[in-house]
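Note that these values count all heavy atoms, side chains included, but never hydrogens, waters or copies made by symmetry. Heads up: numbering here begins at 1 and tracks the sequence.
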Amino acid sequence: MSRIRAFRLHPAQTVVVGFAAAILLGTLLLMLPFSKAGPGGATFVEALFTATSAVCVTGLTVVDTPTYWTSFGQVVIMLLIQLGGLGIMIFASLIGLVLARKLSVRSRLNTAAEAKATGFADVRGLVRGIVKISLVIEGAVFVLLGIRFVLGYGYGLGEAAWHAAFLAVSSFNNAGFALYTDNLMGFVADPFICLPISAAIILGGLGFPVIMQLRKEFTRPLHWTMNTKLVLWGTVVLLLAGTAFLTAIEWDNPDTLGALDPGSRLLAGFFQSVQTRTAGFNSLDIGAMHDASWLGMDVLMFIGGGPAGTAGGIKVTTFAVLFFIMLTELRGEGSVNIFGKRLSRAVHRQAITVVLIAVAAVVAGTVVLLLLTGLDLDRVLFEVVSAFGTVGLSTGITADLPDAAKVVLVLLMFLGRLGPLTLGSAIALRERRVLYEFPKERPAIG
């Protein structure tokens with residue numbers, strides 16, 4: 001028994017192994033001959049990249065999704081997106097509830113670790129809540145898009161239902177996969193397509209804890225947790241700032257917003273700002289944007305969305321915590337206070353750790369891709385941040401990268417989806433408790 005217990009995985013390790021197993025399964029399925037249109041099957045790198053992008057809800061692609069994959073391959077991609085968006089452990093717990101109507105303590109721990117829950121007493125309710133929220137939002141978007149495809153574009157019922165279902169799953173899970181060669185550029189001026197997709201992306205990017213609290217206490221903001229307030233305020237500020245920034249810079253660019261009427265320019269600017277919340281759809285040609293737009297989107301993609309949801313990046317809460325730490329230091333105050341609550345010092349260390357590991361991953365990935373490709377820094381940096389932030393936006397270089405560079409992006413997507421802290425704690429075999437302290441000393445800072 002002692003040996004069996006010794007091989008039990010830490011909950012964080014289980015999450016990492018679960019995602020890796022899902023990616024491997026998706027890779028094998030996409031390599032089947034009937035997953036690819038035309039003769040032969042997909043190469044290992046093509047299948048691995050696509051499976052990783054789907055499970056990690058990124059949206060970067062090395063092949064054209066609607067023409068390269070058969071209907072079976074596209075269904076596999078959609079299921080991988082749903083699996084990755086819900087979470088491997090949450091999905092496994094759902095299966096356990098359906099089949100056995102109960103969860104073991106180990107399953108509760110694993111699910112709580114993946115959902116960033118503070119406890120695991122009511123994990124069954126958590127799983128049911130997450131699944132219900134996902135299905136309701138995806139169902140609403142499915143209906144709205146289906147109606148629009150039928151009435152506005154003349155799709156048959158079957159075609160409309162398939163496109164609407166795929167986009168609903170892809171948008172709520174912040175994946176960015178679409179069944180069109182130009183992604184969503186054909187709908188750039190259509191609010192009946194862009195707005196439902198944007199709403200699903202924003203809701204998915206808030207994170208399940210925030211959505212579940214809003215569902216219960218929407219009219220009682222005084223009861224909202226610090227996490228909920230930080231995510232909501234951060235999301236609103238970043239969406240508005242991103243919209244204003246991108247719209248202003250691209251307003252007269254004839255290759256992007258300049259070719260549209262004023263109302264459509266505002267819609268497209270807002271839509272692209274929403275995508276930087278780690279969704280990855282594009283209604284504009286990203287490769288034709290100004291370099292300044294790319295840099296601004298780099299920042300927004302790096303920040304990402306809310307924790308314990310379908311978004312990537314370092315998370316809005318991490319960015320907000322660092323902002324308030326900075327503000328506290330500038331004011332000369334002793335403790336960090338946010339919305340009338342004192343921030344735990346352990347959170348300070350976690351936020352700094354996440355950001356430093358994320359910066360290291362982005363810098364290392366950028367350097368490696370520069371050495372492997374010889375491309376311009378701005379395009380490579382954009383691609384790396386998009387992969388790490390599980391966004392999926394691209395300046396158009398992904399498909400032409402050498403296989404070694406694609407593998408680097410695969411690793412970045414994996415790290416970005418799981419989060420530096422989750423992956424770091426999974427690598428650490430056990431937690432160490434230090435029973436002593438060294439004397440304090442202060443080095444010079446700045």
Donor on one side chain, acceptor on other, Tyr180 and Asp64, under 3.5 Å: no
Spacing of CZ belonging to Phe166 relative to CG belonging to Leu179, to within rounding of 0.5 Å: 4.5 Å
Ignoring hydrogens, what is the shortest heavy-atom contact between Gly392 and Ser386? Give both atom names and the distance. N-OG, 3.0 Å
Do Val359 and Phe302 have side chains that approach each other closer than 4.5 Å (heavy atoms only, starting at C-beta)? yes
Count the heavy atoms of every other residue, nucleotide or ligand shown that sit under 6.0 Å from CG of Leu371, and state whether that count exceeds 12. yes
Sole candidate of Asn174, Thr58, Leu412 that passes side-chain contact (heavy atoms from CB on, under 4.5 Å) when paired with Thr390: Thr58
Cation-pi check, Arg265 to Trp251: give yes when NZ or CZ is under 6.0 Å from the six-membered ring centre and within 45° of the ring axis, no otherwise. yes
Neighbour count >12 (heavy atoms, 6.0 Å) for atom CZ, Phe245: yes
Please work out whether the ring planes of His163 and Tyr155 are parallel, tilted or perpendicular, with thresholds of 30° and 60°. perpendicular
Phe192 vs Leu145 side-chain heavy atoms within contact, under 4.5 Å: no
Evaluate whether atom CZ of Phe72 has more than 12 neighbouring non-hydrogen atoms of other residues, nucleotides or ligands under 6.0 angstrom away. yes
Should Phe281 and Gln272 count as side-chain neighbours, where that means a heavy-atom distance under 4.5 Å? no
